[in-house]
Asks: 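Take this structure first; my questions come after.
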Amino acid sequence: MNLPDRLSLAHLPTPTEPLAQLSEQLGRAMFVKRDDLTGSHLSGNKVRKLEFLLAEAVANEATHVITCGGVQSNHCRATALAAASLGMVPVLLLRTANGERADLPSPSTGNVLLGVLAGAEVHLCDPDGYRHGRQDRMAQLAQAIADRGGRPIIVPEGGSSTLGALGYVNAARELVEQLGPGPPTSVLVAVGSGGTLAGLAMGFKALGAPFRAIGIPVCDDAATFRTIVHDIAAPAARYGLPALSTDDYELVDGFQGQGYALTTPPELACIRDAVRRDGLVLDHVYTGKAFGALLDLAGRRPCSLAERVVFVHTGGIFGLAAAGAQLDELPGHASPNTVNNAA
Ligand SMILES: Cc1ncc(COP(=O)(O)O)c(C=O)c1O
């Protein structure tokens, strides 16, 4: 392995902790890799990617960092906070319902709040314009900045380029060091843009460890993500990483639910139970769906998992903080409105 220089943005190594109750309940050794603890505001999986992506930006003396994502994108929030702390201007292209200011939460909440606090220049796009035109929009923004004498760099959606995925090659190394190389281990992670899964799979393969990354798509399907992971991993030979084949990792469909950032009462109940049983605060967009998949596979298809299982908690708490209205709808959920203060 021949990884390039990176910045130190994340608090590493993140802990890997046993999930005591679940281990007993499911009859196998269950662990959680706490990548929700890479930092406080600068937290979650995106920070590991940004260590490499923004090292390149600093080396190129970038003045502006342009990236894109959904309105409550964790990646956009982390990029904005990290770029600002390095003296660069964050420029965010956010996808909203109609591409209009009125779509933004008012007052600002969650990731949007932090992005704005970091001084991000915010541009909006409707879903169709985002799907088909985000690269062009970001290129136009970059051109306008360059015309004014700035030096912009564009970070792709989710930070999921080959360079960004190296953050998870590092995480794979960390995990193997923390748990030791055996026994065979399944490592589950949510998949939104593919870089985290690609990095873990490349890392485990490079280390020759019997760890198998299992990706749970939260949008799109497994076939789409196989192509994306392939495209991320293909150029990684330049960093001394082995070629990745589809046998080196898994993608399991069936847990996208109603689609990206949409949620259902059973998914919300799974999030609530994880707080109370495991002390984990998951989110409704990524980690809640992946954790639901873990419970489902361990219960209904136990042979699909190795004897040791690790769930990678990739963060997302600020997105959950913007979803209070949905959680308050959950049957049996005690929102402040339903607590009897007189008791
Ligand atoms: C909290 C969280 N978990 C998981 C993911 C998925 O990671 P990736 O985009 O690398 O597939 C993301 C971002 O998309 C995220 O914000």
Side-chain angles (χ1 to χ4, degrees), residues 10 14 32-39 41-53 67-82 94-95 110-112 114-115 155-172 187-203 213-222 224-233 249-252 255-256 260-261 263 271 274 280-294 311-323:
T14 56
V32 56
K33 174 78 170 149
R34 296 293 306 271
D35 271 14
D36 55 323
L37 298 181
T38 46
H41 51 292
L42 204 51
S43 60
N45 59 335
K46 303 306 179 186
V47 192
R48 289 188 188 265
K49 300 178 182 183
L50 289 167
E51 291 197 332
F52 287 96
L53 294 163
T67 196
C68 64
V71 65
Q72 285 291 351
S73 160
N74 297 303
H75 163 69
C76 287
R77 176 254 314 160
T79 305
L81 290 163
L94 299 181
R95 180 189 59 228
N111 288 305
V112 179
L114 290 169
V155 169
E157 185 184 52
S160 284
S161 60
T162 310
L163 185 63
L166 299 182
Y168 271 85
V169 173
N170 262 348
V187 180
L188 264 87
V189 70
V191 178
S193 62
T196 306
L197 175 65
L200 286 172
M202 288 192 285
I214 303 179
I216 310 296
V218 301
C219 52
D220 296 317
D221 62 5
T224 304
F225 280 115
R226 248 174 240 119
T227 307
I228 291 173
V229 168
H230 172 268
D231 292 347
I232 294 170
Y249 63 92
E250 283 169 52
L251 275 157
V252 183
F255 302 97
Q256 292 91 339
Y260 182 77
T263 190
I271 291 172
L280 299 176
V281 178
L282 306 169
D283 75 301
H284 61 300
V285 184
Y286 299 99
T287 55
K289 288 183 178 177
F291 200 73
L294 168 68
F311 176 72
V312 185
H313 188 337
T314 44
I317 193 166
F318 298 112
L320 182 74

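Both counts, for ligands and for their atoms, begin at 1 and track the order of listing. It should be emphasised that the depicted structure is a prediction, and the values quoted were computed from it without experimental measurement.
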Asks: Quick one: does Ile271's side chain get under 4.5 Å of His284's, heavy atoms only?
Replies: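 Yes - at least one pair of side-chain heavy atoms lies under 4.5 Å apart.
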
Asks: With heavy-atom distances below 4.5 Å as the criterion, would you say the side chains of Asn74 and Tyr286 are in contact?
Replies: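 Side chain of Asn74 against side chain of Tyr286, heavy atoms only: contact under 4.5 Å found.
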
Asks: Say whether, by atom type as modelled, one donor and one acceptor occur between the side chain of Thr38 and the main chain of Gly44 under 3.5 angstrom.
Replies: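 Yes, the answer is positive, given that a donor and an acceptor are paired below the 3.5 Å cut-off.
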
Asks: List the closest protein heavy-atom neighbour of atom 4 (C) of ligand 1: residue, atom name, distance to the nearest 0.1 Å.
Replies: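 Residue, atom and distance for the closest contact: Thr314 OG1, 3.2 Å.
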
Asks: Grab the two heavy atoms, one from Asp283 and one from Gly316, that are nearest each other, plus how far apart they are.
Replies: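 It is CB-O, 3.3 Å.
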
Asks: Just verifying a value: how many Å separate Asn45 CG and Leu197 CG, rounded to the nearest 0.5 Å?
Replies: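 Going from the CG atom of Asn45 to the CG atom of Leu197 covers 11.5 Å.
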
Asks: Looking only at protein heavy atoms, identify the closest one to atom 16 (O) of ligand 1 and say how far it is in Å.
Replies: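 Looking at atom 16 (O) of ligand 1, the protein heavy atom closest to it is Asn74 ND2, 2.8 Å.
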
Asks: Does ligand 1 have an atom under 4.0 Å from some heavy atom of Lys46?
Replies: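 Yes, Lys46 has heavy atoms under 4.0 Å from ligand 1.
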
Asks: Run the numbers for me: atoms of ligand 1, each under 4.0 Å from some heavy atom of Val191, listed by number.
Replies: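 Every atom of ligand 1 under 4.0 Å from some heavy atom of Val191: 11 (O).
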
Asks: Do Arg226 and Tyr249 come close enough that some side-chain heavy atom pair is under 4.5 Å?
Replies: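 Yes, their side chains come closer than 4.5 Å.
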
Asks: Show the atoms of ligand 1 that are less than 4.0 angstrom away from any heavy atom in Thr196.
Replies: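 Under 4.0 Å from Thr196, ligand 1 has these atoms: 7 (O), 8 (P), 10 (O).
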
Asks: Could you tell me if the side chain of Arg34 sits less than 4.5 Å from the side chain of Leu280, heavy atoms only?
Replies: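 A side-chain contact under 4.5 Å exists here.
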
Asks: Which is closest to atom 15 (C) of ligand 1 by heavy-atom distance: Phe225, Tyr168, Tyr286?
Replies: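 Result: the heavy atom closest to atom 15 (C) of ligand 1 is in Tyr286.
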
Asks: Any side-chain to backbone donor/acceptor pair from His41 onto Arg77? Under 3.5 Å, distance only.
Replies: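 A pair under 3.5 Å: no.
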
Asks: Please state which part of Asn45 comes within less than 4.0 Å of ligand 1, counting heavy atoms only: side chain, backbone, both or neither.
Replies: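 Asn45 to ligand 1: side-chain contact only, backbone stays beyond 4.0 Å.
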
Asks: Indicate, as side chain, backbone, both or neither, the part of Ser160 found under 4.0 angstrom from ligand 1 when only non-hydrogen atoms are considered.
Replies: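 The side chain, only.
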
Asks: For Ser193, take its heavy atoms, then give the atoms of ligand 1 lying under 4.0 Å from any of them.
Replies: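 Going through ligand 1 atom by atom, the ones under 4.0 Å from Ser193 are 8 (P), 9 (O), 10 (O), 11 (O).
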
Asks: Among protein heavy atoms, which sits nearest to atom 6 (C) of ligand 1, and what does the distance come to when rounded to 0.1 Å?
Replies: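 In this structure, atom 6 (C) of ligand 1 has Gly192 N, 3.4 Å as its nearest protein heavy atom.
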
Asks: Enumerate the atoms of ligand 1 whose separation from the nearest heavy atom of Gly315 is less than 4.0 angstrom.
Replies: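 It comes down to these atoms of ligand 1: 1 (C).
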
Asks: Between ligand 1 and Ala190, can you find any atom pair, the residue atom being a heavy atom, that is separated by under 4.0 Å?
Replies: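 Contact present.
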
Asks: Compare every heavy atom of Ser160 with every heavy atom of Lys49, then report the nearest pair and how far apart it is.
Replies: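 Heavy atoms of Lys49 and Ser160 come nearest at NZ-OG, 3.0 Å.
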
Asks: With heavy-atom distances below 4.0 Å as the criterion, list the atoms of ligand 1 near Lys49.
Replies: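 The list of qualifying atoms is 8 (P), 9 (O), 10 (O).
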
Asks: Closer than 3.5 angstrom, by distance alone: can the side chain of Gln72 be matched with the main-chain N or O of Asn111 as a donor-acceptor pair?
Replies: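 It does hold such a pair.
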
Asks: Under a heavy-atom criterion of less than 4.0 Å, does Leu197 contact ligand 1?
Replies: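 Leu197: no contact with ligand 1 (<4.0 Å).
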
Asks: Any idea which atoms of ligand 1 are less than 4.0 Å away from a heavy-atom of Gly316?
Replies: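 Here the atoms of ligand 1 in question are 1 (C).
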
